[in-house]
Amino acid sequence: MRKYLLVFFVFSVHIVLAQGPSIKVSGEVTKPLTLQAADLAKMKRVTVSMKDRDGNEHPYTGVAVGDILEMAGVTTGKQLRGENLTKYMLVKCADGYEVVFSLAELDTDFTDRVVIIADESEGKPLPPGKGPFRLVVPGEKKPARCTFQVTELIVKFAKE
Amino acid sequence: MGIPGPEPYTAVYPAYFGNRINVPADNPMTVQGIQLGRMLFYETALSANRQLSCATCHRQELAFTDGRKFSAGVDGVLQDRNSMSLANLLWVRNFFWDGRARGLEQQAETPLTNPHEMGQDLAVSAARLQGMSMYPPVFRAAFGSDTIKGDMILKALAQFERTLISAHSPYDRYLQGVYKPTASEAAGIELFYGKGGCGHCHGGPKTYSELYHNNGLDSVSKDPGREKITGESYDRGRFRVVTLRNIALTAPYMHDGRFATLEEVIDHYSDHIVSSVTMSPFIQGNLNLTAVEKKDLLSFLRMLTDSSFITDVRFSNPFKK
């Protein structure tokens with residue numbers, strides 16, 4: 001029996017490694033998530049437009065960050081009030097880059113701007129170095145928060 | 001009345017470094033802990049052959065590097081990566097070239113115990129120090145107990161290393177508005193932050209960002225770098241962006257020490273970038289710098305040498321008469 005368990009364990013580890021890049025959602029969530037490309041493909045897809053460093057608008061398709069936060073049980077919509085307005089989302093990327101958003105910046109009750117986790121642009125996967133998952137923030141003058149290779153979204157309380 | 005505990009130590013640094021410092025709750029900096037850490041940093045009894053200390057590969061006069069491409073351990077085997085310089089570690093969150101150690105306490109364990117570095121189990125080191133009459137009282141003063149344990153060694157070393165703050169270079173005086181750069185230095189600063197794009201990763205007073213990038217050294221990196229930690233192919237050949245503080249003293253350069261001089265480093269970014277799938281998207285090919293631009297960049301990099309840091313008695317060998 002132990003031998004079978006070991007075989008199963010080794011097999012499971014192999015599966016995890018073979019799954020490839022993912023986005024982990026953690027922190028002030030009721031349901032921690034690890035989303036792979038296939039999970040994002042099943043969610044509601046949206047396309048937004050953003051001006052890249054080349055100065056031109058480009059369409060990006062993916063999933064609204066608000067939807068991902070709602071799926072993870074983060075305080076969104078009507079729950080985004082009182083102390084919950086002191087929450088922020090930390091975005092972590094494969095190269096160590098990090099940026100933050102306040103939750104209100106990502107919530108449809110507060111803003112019409114839709115920030116997405118994009119996994120394709122003009123029907124194609126994102127290029128190496130930027131994909132597979134890129135944060136796309138429409139309407140910002142600098143693309144510094146449109147981060148490449150997102151690996152984690154962490155929701156926290158600002159504590160001072 | 002009980003015995004007074006160790007005295008809290010507050011690190012002093014310029015406001016422009018910011019306060020995103022890393023001191024774990026279970027290892028606050030204390031005067032006595034730092035004093036012990038300094039002794040341990042220079043203590044050869046921590047190595048299996050009693051000949052190496054941390055300071056063997058991290059020499060103060062070379063901004064805590066050793067001038068070698070790869071350093072040799074107690075068994076004579078060379079390391080597979082270049083010994084890193086030590087400066088402003090109080091702000092660093094992930095250590096080693098691949099960022100695999102979260103915090104200095106965790107980092108310190110590797111060189112102490114790795115058979116190809118100092119090669120001695122922490123328990124053996126603790127027992128050796130226990131038998132040296134000078135140590136038990138110093139451990140008691142730092143940690144309230146003269147029964148020496150391995151984790152105390154790590155904690156004291158980490159405390160000492162957090163005090164290695166380099167903030168008195170000509171560049172600091174420039175940031176403080178009390179030094180006027182030469183024409184070449186000023187041009188170098190402009191190039192660094194402008195056309196060179198160096199500031200994207202090395203910008204700001206600390207001259208590094210906590211990032212991992214492939215800086216175009218090889219078409220296929222022999223060393224997997226960050227990939228070994230994450231298992232992701234897009235991390236192949238990605239290494240930590242290191243500080244440029246005291247960079248003129250810390251040759252050779254890169255994770256494998258392939259460049260003997262700063263001139264070679266500048267030539268690399270100017271003329272020899274090798275593209276690959278995982279090369280940083282922030283490197284857009286060769287910079288094609290002119291000879292004057294290369295000289296200017298070098299002038300700026302030399303501004304980062306902190307002569308008081310490499311002679312500061314607080315960081316020096318306490319056993320040296």
Side-chain angles (χ1 to χ4, degrees), chain A residues 10 12-24 26 34-37 50 52-55 58 60 88 90-100 118-119 121 124-136 142-152 154 156 158-160, chain B residues 18-20 22 25 91-102 197 199-204 206 208-216 219-221 224-243 273-285:
Chain A
V10 170
S12 313
V13 168
H14 178 75
I15 295 267
V16 169
L17 287 176
Q19 274 173 340
S22 62
I23 298 177
K24 198 174 143 202
S26 65
T34 301
L35 300 170
Q36 257 108 29
M50 184 192 68
D52 263 321
R53 284 193 194 274
D54 64 7
H58 293 276
Y60 283 91
Y88 63 92
L90 174 67
V91 182
K92 292 185 127 185
C93 304
D95 68 355
Y97 193 64
E98 298 174 334
V99 293
V100 298
D119 51 13
S121 181
K124 282 184 257 169
L126 303 181
K130 297 189 177 174
F133 310 120
R134 180 179 182 183
L135 195 75
V136 174
K142 284 176 79 167
R145 293 203 294 180
C146 300
T147 64
F148 304 148
Q149 296 182 328
V150 175
T151 56
E152 284 196 64
I154 305 171
K156 296 247 191 186
K159 289 178 184 167
E160 187 47 55
Chain B
N19 298 307
R20 202 187 190 198
N22 298 291
W91 289 267
V92 178
R93 305 161 79 200
N94 303 291
F95 293 85
F96 295 119
W97 280 101
D98 53 18
R100 67 187 184 276
R102 295 295 296 265
H200 191 91
C201 290
H202 293 285
K206 292 202 294 286
Y208 77 93
S209 300
E210 195 95 11
L211 297 174
Y212 308 95
H213 278 278
N214 174 331
N215 60 345
S219 57
V220 180
S221 180
R226 185 83 182 144
E227 184 188 27
K228 199 171 164 191
I229 313 308
T230 66
E232 297 293 351
S233 56
Y234 57 48
D235 284 327
R236 183 90 192 173
R238 275 183 172 166
F239 295 94
R240 247 181 66 206
V241 172
V242 295
T243 181
I273 290 290
V274 181
S275 187
S276 68
V277 187
T278 62
M279 189 173 81
S280 168
F282 301 107
I283 294 178
Q284 314 272 344

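Note that this is a predicted model, so its numbers are computed, not measured. So that the names make sense, note that chain A is the first sequence line, chain B the second, and so on, each numbered from 1.
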What part of [X] lies closer than 4.5 angstrom to a heavy atom of chain A: side chain, backbone, both or neither?
{"X": "B:Phe239", "answer": "neither"}
{"X": "B:Glu210", "answer": "backbone"}
{"X": "B:Arg240", "answer": "neither"}

Locate the shortest heavy-atom distance separating [X] from [Y]; write the atom from each residue and the value.
{"X": "A:Gly131", "Y": "B:Tyr234", "result": "O-CD2, 4.3 Å"}
{"X": "A:Gly129", "Y": "B:Pro281", "result": "O-CG, 3.8 Å"}
{"X": "A:Pro128", "Y": "B:Val277", "result": "CB-CG1, 3.8 Å"}
{"X": "A:Asp95", "Y": "B:Arg238", "result": "N-NH1, 3.9 Å"}

Spatial distance of atom OG1 (B:Thr278) from atom CD (A:Gln149) [nearest 0.5 Å]: 9.5 Å

Enclosure of B:Arg102 CZ (heavy-atom neighbours >12, cutoff 6.0 Å): no

